[in-house]
Each structure stands twice: as C-alpha cells, then as structure tokens.
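Working notes, structure below.
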Amino acid sequence: MQKLKKAPLWAGALAGLVAGAVALGVAQLAVPLTGQGTFPVVAVGDAVVDLSPAPVKEFAISTFGANDKTVLVGGVFVVLGLAAALIGVLALRRLAYGIAGMAVLAAVGVLAVLTRPDAQAAGVLPTVLGLTAGALTLTWLLRRSLPLAPRAATGLPERSTPPEGTAGPPERDTREASGRGEGAPHPGEPGRAEEREAWAGRGGEEGAPRAGEPGRAGEPERPAVMRVGEDLRAFDRRRLLTGAAGGIVVAGAAALLGRELAGRQAVNSARGRVALPAPATPAKPLPKGADFRINGLTPFITKNQDFYRVDTAIVVPQVDPRAWTLRVHGLVDRPVEITYADLLRMPLTEADVTLTCVSNDVGGPLVGNARWLGVRMADLLRRAGLRSDADMLLSTSADGFTCGTPVDVVMDGRDALFAVAMNGEPLPLEHGFPVRQVVPGLYGYVSATKWVVDIKVTRFDTDQAYWTPRGWAAKAPIKTESRIDLPRAGASLKAGRVTVAGVAWAQHTGVAAVEVRVDGGEWRQARLAEVPGPDTWRQWALDWDATPGRHTLQVRATDAAGRTQTEQEAPPMPDGATGWHTITVEVA
Ligand SMILES: Nc1nc2c(c(=O)[nH]1)N[C@H]1C(S)=C(S)[C@@H](COP(=O)(O)O)O[C@H]1N2
Ligand SMILES: [Mo]
C-alpha cells in the first residue's frame, strides 16, 4: 500500500512532544474544571514514591532534601517527554502506534490516580481528557504535515488517482494512510524510489497540489506513477512547525488558565477554613438608633456584597493565607515579618469604620460602612520600632499597588487596622483577603491597601505611592460630606409629608449636625441617628411638607469640630470632591 516519503525522526519527536504538552495543558485545566480531578503527573510521582523501596526514598530525601518532591515531579516530566517523543516517532510509522502509546500513558496515569489513598473515580478525568486531547493533537499534526491523510476522513475530494492497486475504499483509515497498509502489495523496503513514485501521484491532504503552482493547480487527473525526482511534498516541514507552534500556544494557555482557576479554588477553600478568633477589644454594641430602617435609605452597615469596590486589579489577586506574610522594614529598629497565623494570634480589635473613595463625586456611591476585625497597625509597627524621622508608611499589595499613609495618623490611637474580617467573615477576596488596611479618616487610596504584603517605613520626601505621580494628593484626609438618598434625585412625589433622608460622614471627627434646605430657603436641622463613634457615617432624616411644583433639596453637614461642609464645588481630583449635594424633585 501507500508509503510515506519518510519524514525525519525529529518531526515525529516534535509532534509527540507537542501532543504531550497539549495533553498536560488540558489535564491541568481539567483539574479545576472537574472539581475533584487529580493532575496525573503528581499522581504518578506519588505512586513512584509509594512503590520505591525504603532505601531509595531515603537516598532521595538525603540527596535532594526539601526539594525531593520537585525533583520527583521534574523526573516524571522528563520521562513523560521522552515517552511523548518516542510516541511521535512511532506514529510516523503508523498513527495507530502513536495512539496506542498515548493510551498506554493514559493507562499509567489512570492507574496512578486510582491507587492514591484519596482516589475518586472522577479523579481520572483530567488524565483521560488530557490524553484524548494529546491523541487528537498528534493525529492533527501528522495529518497536516504528511501526505496520505485520508481524504475520506476530512471530506476533501480526491484530487488524483491513487497508484494502481492501492485505490482503496474511501473509508481507508489513517493507519493505512500514514504508514504501510497491512499486507499491502508493496514492492519492498529497499525500493525507496518506487515508494516515492507511488506517493508522488497522491499529494497529501494539505500537501496536495496547490493552486497557483505551475503545472499542478487544477490538474484533474494525475498519472498513477510519477517520475523519480518529482517534487513530492510528502513531508511539509512548514506546516508541521506552524501546527506545533499552535499546539504549544494551546497547551500554554490551557495550563495557565488551569493554574489560575486552581489557585482561585485553593484560596477560596483556604478562606472557608479560616477560624476567626474573638476580638480582644470588641466593638461597642451598635446603638439601637444607629439605623432608622427607612425604606430606601442606605443601611448603617453595608453588606459585603453591596460594598463598593475600587482597585487597579484586573483579576482579583489570589493570595493564599498559608503563604502570606507581612514584612515591615525601612526606617525601623527591627524589621519584622509576620505570618497570617501569627497575625491572628495577636490581640484583635473590632471597629465600625466607614471607607470612602477619593473619586466619589458629591452624592456618589463610593462609600461604605463595615465592622472590621484586625490587628492594630500601631501594635505591629511598635514591634518593629519606628525611627523618629519616619513620616510615611508605604504599603504594597500582592499585585504591586502602593499606598502612602502618614505615620502620625496610624499611631495616634485611632482604630487603624490590619483587617482580616469584614462584617463577621474573613475578608472577601475582592476586598483584600487575607489582610488589608483600614484607617479611619483617610481616603482609600492613601490608606486602605488590600492584599497588603509589605510596609516600608519611609518618608514622604523619599517615596511616592501609586496615585501620587498620577496627579492625586500625597496626603488625603476624608472631607466632610453628606448625601441625600431619599427622595431619589428626579423623583415624582405626591404633595404632603415626604421623608428626606441620607447619610453624612466626617470620619474620625464625627458628624454633629445635618441641615437641609428647600429651594434655597432656611436651613432646617435634620434628626440624626445614633453612632457608635466618630469613624462611621451617620444617618439623618427630616420630614418635609411637599407642595406641588418643582423643588430643589440641598444638604450640608457640620462636623464635631464645628466645621460646616463647604459649598465650594471641587472635583475629586486631586484630594476629594466638595460641594453640597443638590437634587430636584417634582411634586404633584
Ligand atoms: N491593592 C489595592 N488596594 C487598594 C486599592 C487598589 O487599587 N489596590 N484601591 C484603594 C482605593 S482607591 C479604595 S477607595 C479602597 C476601596 O476598598 P474596597 O474596594 O474594599 O471598597 O481600596 C484601596 N485599596
Ligand atoms: Mo479610592
């Protein structure tokens, strides 16, 4: 039967390696997707350990020490690579050999997975899916780069007459196509020239005569036997290489995505296992009157899922608490590095604190209030011993974002925390799990570093945080603001008694008064809800006898230091918006 113009061995090895890479990439992706899957390379490694006699294990441990597992998995990768290359070379002779080789690898993987102590039947899915993808890749690569791929299988029309005596049924399979057909009446091994002749007439699936090539394009019939020396196009190197490159991209993308998803699952389950210690300093119980419970008014405590989110992260950083540490260094006497477990062993403080984003427009939504639990930043900083010339804490998150926070603010006794929990649960991932900063009174971008991993104690005249060179102020205390939540801006109301209500904040000073005026008239005092302290926003409400017509409502707050919110309008850039929240409503 048909016989290939021999493709070089490296072509088979390359096809096999790429197929192996795709198999591993798909297996890696299948682990998180199937939920309970096992990555076969690790299972095989573990099985090797189980099967090794004790002296071999001892030798490995004494030679490689803590790296023994890495060496082992690396060894499995090397053996796998050799096997894949060999499978590819075999597949050159006959695709079926290659597929069989893949099946053997799959069997080894499945066996290894199933013999693990915690084995589950579904655990074999990554192995099976991966090697299926590997077998398909191998087939695809060889078909695209070698002739005699069965056109019947691809649905391509025959372009030429097969050599005499070889014209098989259209369902001729790949085995025949890529190797020598069983019992094919072939003129014999040594007859290379004849093989070439036989193949010359066929052209490959893709290496078939191409349009635009003189003397080839559109030739309906070809003589069965070609002259020796005819351009055979039997092995298309370029098509193999481009296919291999495509395979590597797919393998890499699948592996990266698989790792990302697996990391996410690992961090989520680690978060689920965090046991929050009781606070050494609990928050004051919320005063009964902290929440008016008026429908449509912002609740005093913002639920985690309703809490605004602002950060520069495109994908939420996945920080495993078991690997997390916080380093404090720079202008300190004793640099410290603390683990998550150690942090949870320190005395914890609970505090209700309202966060605000500097980008919040007057009346905007980028403000939220939660009950935080964490270690006082001052406690850890004192451990490190702050030098007297330090005035800035440059904190860095796991994804490289930085905040610059004034040392004196953090050390002045307020509840500046390395927070681990938000409203009674470990920080949600998007709000900084496992640890973030919370500093009452400062906008988020200069204080509230999420996924914090590093504190450099430094000076404002030496270091700049992320937003400073981008035009935002280096220091940014929160400006006193108030917002009308009810009625909604632009609402149509019925004449009569209307509740006007909202929130006001002046963190760490506290809100002492809120006033409302209608159509530029007299300011009227709103009633204020109770607050646990000066670090949260404060609900306010007022009854208004609405008369028909179009009306403008305005609000302003006065803080506990007696400073009334300025009427002067300023945009958020560079250090926070100001002005009175003003809305209009229609009363009929
Ligand atoms: N790592 C990191 N932390 C960050 C930011 C960021 O971009 N990256 N943004 C800050 C800003 S601008 C604000 S307003 C708060 C918002 O916190 P939240 O998303 O939990 O509401 O996080 C701060 N912490
Ligand atoms: Mo912000």
Side-chain angles (χ1 to χ4, degrees), residues 267 271 298-299 301-319 321 324 326-327 351-362 364-374 377 393-406 409-410 416-456 464-479 481 503 505 507 535-537 570-578:
V267 172
R271 178 177 178 271
T298 304
I301 293 279
T302 312
K303 288 194 185 122
N304 288 355
Q305 75 257 28
D306 298 335
F307 209 95
Y308 82 95
R309 177 186 162 201
V310 171
D311 54 59
T312 58
I314 295 161
V315 287
V316 175
Q318 309 294 313
V319 182
W324 178 91
L326 177 62
R327 210 163 69 94
D352 297 313
V353 178
T354 298
L355 290 193
T356 310
C357 184
V358 70
S359 299
N360 196 42
D361 289 310
V362 172
L366 302 179
V367 52
N369 182 52
R371 173 161 292 189
W372 309 93
L373 174 73
M377 291 174 70
L393 304 171
L394 184 72
S395 51
T396 305
S397 74
D399 66 345
F401 170 85
T402 55
C403 264
T405 312
V409 170
V410 170
L417 302 178
F418 291 121
V420 295
M422 181 178 185
N423 292 329
E425 51 173 285
L427 293 177
L429 266 57
E430 61 271 27
H431 293 293
F433 182 78
V435 182
R436 74 169 306 165
Q437 294 182 180
V438 170
V439 182
L442 303 183
Y443 284 119
Y445 83 106
V446 290
S447 69
T449 314
K450 305 191 269 188
W451 316 287
V452 63
V453 293
D454 188 282
I455 310 278
K456 180 184 178 193
Q464 277 194 324
Y466 184 87
W467 286 112
T468 310
R470 292 165 172 86
W472 297 82
K475 298 187 186 179
I478 295 173
K479 296 177 181 176
E481 269 297 330
V503 286
W505 57 89
Q507 285 94 323
D535 293 340
T536 68
W537 58 19
M573 178 90 123
D575 62 357
T578 58

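Ligands are counted one by one from 1 in listed order, and the atoms in each one are counted from 1 as well. Only this structure's heavy atoms are used, side chains among them; waters, hydrogens and symmetry mates stay out. Fair warning: this is a prediction, and the values are worked out from it, not measured in the lab.
Of the protein's non-hydrogen atoms, K450 NZ, 2.5 Å is the one closest to atom 19 (O) of ligand 1. Atom 6 (C) of ligand 1 has its closest protein heavy atom at D311 CB, 3.4 Å. What sits closest to atom 21 (O) of ligand 1 on the protein, heavy atoms only, is Y308 O, 2.6 Å. In terms of protein heavy atoms, atom 9 (N) of ligand 1 is closest to V310 O, 3.2 Å. Closest to atom 24 (N) of ligand 1, if we only count protein heavy atoms, is A448 O, 3.0 Å.
Closest heavy-atom approach to atom 12 (S) of ligand 1 among the candidates Y466, Y445, Y443: Y445. Remark: among candidates A476, G444, A419, the nearest residue to atom 11 (C) of ligand 1 is G444, based on non-hydrogen atoms. Of the candidates W467, W472, F401, W451, F401 brings a heavy atom nearest to atom 4 (C) of ligand 1.
For the pair V439/M377, a side-chain contact is recorded, criterion being any heavy-atom separation below 4.5 Å from C-beta on.
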Q: For R436 and W372, run side-chain contact (heavy atoms from CB on, under 4.5 Å): C-alpha distance rounded to whole Å, both residues' side-chain angles, the deciding distance at 0.1 Å, then the answer.
A: CA-CA 10 Å; R436 74 169 306 165; W372 309 93; 3.8 Å; yes
Between S395 and L393, does a side-chain contact (heavy atoms from CB on, under 4.5 Å) hold up when you go through it step by step? CA-CA 6 Å; S395 51; L393 304 171; 5.8 Å; no
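Close approach to C357 involves these atoms of ligand 1, each under 4.0 Å from a residue heavy atom: 14 (S). Close contacts of ligand 1 with F307, meaning ligand atoms under 4.0 Å from a residue heavy atom, involve 21 (O). Atoms of ligand 1 found under 4.0 Å from any heavy atom of T449, numbered from 1 in the order shown, are 3 (N), 24 (N). The ligand atoms of ligand 1 that sit less than 4.0 angstrom from a heavy atom of T312 are 6 (C), 7 (O). Within ligand 1, the atoms closer than 4.0 Å to a non-hydrogen atom of S397 are 1 (N), numbered from 1 in the order shown.
Aromatic ring orientation, W537 versus W505: tilted (interplanar angle from 30° to 60°). The aromatic rings of W472 and W467 sit perpendicular to each other, their planes meeting at more than 60°, with 30° as the lower class boundary.
Between D575 and K479, at least one side-chain N (NZ, or NE/NH1/NH2) sits under 4.0 Å from a carboxylate O, which counts as a salt bridge. Under 4.0 Å is where a charged nitrogen must lie from a carboxylate oxygen, and between E430 and K450 no such pair does. Between D311 and R309, at least one side-chain nitrogen of the basic residue sits less than 4.0 Å from a carboxylate oxygen of the acidic one, meeting the salt-bridge criterion.
The shortest N or O to N or O distance between L355 and ligand 1 is not below 3.5 Å. Considering backbone and side-chain N/O atoms, H431 comes within less than 3.5 Å of an N/O atom of ligand 1.
Heavy atoms of R436 come nearer than 4.0 angstrom to ligand 1 in at least one pair.
A 6.0 Å sphere centred on NZ of K456 holds no more than 12 heavy atoms belonging to other residues, nucleotides or ligands.
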